[in-house]
Amino acid sequence: MPKKILVTGGTGYIGSHTVVELIENGYETVIIDDLSNSSIDVLYNIEKITGVKPAFEQFDIVQKDKLRGFFKKHTNIEAIIHFAAKKAVGESMEQPLLYYRNNLVSLMNILEAMQEFNVANLVFSSSSTVYGEPDKLPVTEESPVKEAASPYGNTKRISEEMIRDTLRNLPDLKAISLRYFNPIGAHPSALIGELPLGVPANLVPYITQTAAGIREKLTINGNDYNTPDGTCIRDYINVVDLAKAHVVAIERMMKNKGKNNYEAFNIGTGSGLSVMEIVNTFEKVNNLKLNYNIGPRRPGDVVAVYADTSYANSELGWKAEKTTEETLRSAWLWEKKVRGMV
């Protein structure tokens, strides 16, 4: 029988791509999602890609009783990939308690359920925000985890500490935190991709919605940073490459290859691109011009961060493969398909 994996937030952007990779690697998947930032249509599009419709339950895992009820019904779950979380830096600055309640209580419930229902393996969706404003680039897994620049980033830092502390006295449980850099792009089928509800908080969907005429213009938040062109620098990784890292992490734990029962890995490309470079590359590969202007800096943004991925490359046997050009073409194809433009 295929091994059963629970994916929380599995109809979301990264979650849906990871479900596709799990299914294509022979795993059975079960999704929990409250659909607060995604659509039920994603389930049917996963089925179109893979030929398999994942099991699905709709609720918020902050509701502990509902999560316990889920585990009583769904037995033999071998691992959990925990995506479900609020994730917008700007919103977290405005509503910090919403982020602490949602992101931390949901993880507490997952960790308690793992113990009660004997689920041995957890992949946690962490973030490069745990490095704050780094002293040195690129950041490695040994770089200091610093005071976060936003409540969102702080929830990721606290979550990693919570997992580490919980597992310290539970040697039979294992967890891997994947510290994502900036996921962009869409599945090559253009059946799933990033489709935020409301105004996008991330750069690339704002770019694609501006190109599609959904947004009047893109505002670049600051061009006076200490970078070559004055705009912030990030490590932008293709979402399919990122999704594949989760499958590798699951296999590492199931085959007991880890050096400890808690590990963390940087998941990025290993190089940084500025906001302006992303805009220019998007225009070039898709042969169009964007309407954009320069606005004020956004609170909570760090100047530059990108990954040293050598540890993930050597230990996980994983590396990012897709080019920025290919990724930005996929993002635009997805947007056009969603808007009925192709």
Side-chain angles (χ1 to χ4, degrees), residues 7 9-25 37-39 41-51 83 87 125 128 178 180-197 200-215 218 234-248 267-290 292 306-307 309 318-342:
V7 184
T11 57
Y13 175 42
I14 306 169
S16 60
H17 287 80
T18 300
V19 169
V20 166
E21 294 301 320
L22 287 166
I23 293 170
E24 291 184 341
N25 281 273
N37 196 34
S38 61
S39 165
D41 293 343
V42 171
L43 273 186
Y44 304 103
N45 289 333
I46 290 172
E47 184 179 16
K48 287 177 184 176
I49 294 168
T50 65
F83 292 107
K87 62 173 187 174
S125 168
S128 63
L178 298 181
Y180 312 158
F181 283 70
N182 289 61
I184 60 172
H187 194 270
S189 67
L191 286 166
I192 54 173
E194 187 170 12
L195 187 64
L197 304 183
N202 295 329
L203 174 63
V204 171
Y206 213 111
I207 286 174
T208 60
Q209 288 191 18
T210 303
I214 309 301
R215 307 289 159 196
L218 167 72
R234 298 290 183 270
D235 186 335
Y236 294 94
I237 179 170
N238 185 287
V239 67
V240 176
D241 283 339
L242 174 58
K244 290 177 178 178
H246 295 78
V247 180
V248 175
I267 305 297
T269 65
S271 62
L273 293 170
S274 73
V275 171
M276 207 66 245
E277 285 176 306
I278 290 290
V279 168
N280 292 338
T281 303
F282 181 86
E283 289 182 328
K284 181 180 178 182
V285 300
N286 294 305
N287 194 28
L288 49 77
K289 293 296 290 182
L290 285 170
Y292 65 85
Y306 54 94
T309 60
W318 168 94
K319 66 176 181 178
E321 296 176 344
K322 296 184 183 295
T323 66
T324 305
E325 290 79 6
E326 179 182 0
T327 302
L328 291 174
R329 276 193 293 267
S330 74
W332 180 226
L333 179 60
W334 156 251
E335 186 72 46
K336 288 192 292 184
K337 189 156 187 175
V338 167
R339 306 300 171 187
M341 297 166 67
V342 289

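Across all non-hydrogen atoms, the minimal contact from Ala186 to Gly193 is CB-CA, 3.9 Å. For Leu290 against Phe282, the heavy-atom pair with the smallest separation is CD1-CD2, 4.0 Å. Taking both residues in full, the closest heavy atoms of Pro205 and Glu335 are given as O-OE1, 4.4 Å, listed atom of the first, atom of the second, then distance. Summarising the geometry of Ala211 relative to Leu288, their closest heavy-atom pair is CB-CD2, 4.2 Å, with the distance given to 0.1 Å. Here the closest heavy-atom approach between residue Ala320 and residue Gly268 is recorded as CB-O, 3.8 Å. Nearest heavy-atom pair, Ala212 versus Arg339, reported as atom, atom and distance to 0.1 Å: CB-CG, 4.3 Å.
In this structure, the side chain of Thr281 does not engage the main chain of Ile278 through any donor-acceptor pair within 3.5 Å. The backbone N or O of Leu197 sits less than 3.5 Å from a side-chain atom of Asn37, completing a donor-acceptor pair. Listed for the Asp235 side chain is no donor-acceptor partner under 3.5 Å among the backbone atoms of Phe181.
Partners of Arg215 according to the side-chain hydrogen bond (donor to acceptor under 3.5 Å, both in side chains) rule, which considers only residues two or more places apart in sequence or in another chain, are Gln209. Annotation: ring pair (Phe, Tyr, Trp, His ring centres under 6.0 Å) contacts of Tyr13 (sequence neighbours excluded): His17. In this structure, the ring pair (Phe, Tyr, Trp, His ring centres under 6.0 Å) partners of Phe83, at least two apart in sequence or on a different chain, are His246.
Note that OH of Tyr306 is 10.5 Å distant from CG of Leu273, once rounded to the nearest 0.5 Å. Rounding to the nearest 0.5 Å places CG of Asn25 at 12.0 Å from OG1 of Thr50. Atom CG of Asn45 and atom NE2 of His187 lie 11.0 Å apart (nearest 0.5 Å). One distance of note links CG of Asn202 with CG of Asn182; it measures 7.5 Å at 0.5 Å rounding. With values rounded to the nearest 0.5 angstrom, Thr324 atom OG1 is found 6.5 Å from Leu328 atom CG. Rounding to the nearest 0.5 Å places OG of Ser16 at 7.5 Å from CD1 of Ile49.
For the pair Leu203 and Leu218, the minimum side-chain heavy-atom distance is below 4.5 Å. Contact annotation: the side chain of Arg329 never approaches that of Leu333 to less than 4.5 Å [non-hydrogen atoms, C-beta and beyond]. Within the 4.5 Å cutoff, no side-chain heavy atoms of Thr18 are placed close to those of Glu21.
Screening Leu242, Thr327, Ile267, Val240 for a side-chain contact (heavy atoms from CB on, under 4.5 Å) involving Pro183 leaves a single residue, Leu242.
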Practice item. Take Arg234 and Val275, measure what side chain to side chain contact (heavy atoms under 4.5 Å, CB included) needs, and give me the verdict at the end. Key: CA-CA 8 Å; Arg234 298 290 183 270; Val275 171; 6.0 Å; no
Practice item. Test Trp332 against Val285 for side chain to side chain contact (heavy atoms under 4.5 Å, CB included), laying out the working first. Key: CA-CA 10 Å; Trp332 180 226; Val285 300; over 6 Å; no
Practice item. Start with the C-alpha gap between Val239 and Glu194, add the side-chain angles, then the distance that decides, and say whether side chain to side chain contact (heavy atoms under 4.5 Å, CB included) holds. Key: CA-CA 9 Å; Val239 67; Glu194 187 170 12; over 6 Å; no
Exercise for review: Run the numbers on Thr208 and Ile214 for side chain to side chain contact (heavy atoms under 4.5 Å, CB included), then give the verdict.
Suggested key: CA-CA 9 Å; Thr208 60; Ile214 309 301; over 6 Å; no
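Side-chain N/O atoms of Tyr236 and Thr269 include no donor and acceptor closer than 3.5 Å. Counting only N and O atoms by type, the side chains of Glu326 and Asn238 include no donor and acceptor under 3.5 Å apart.
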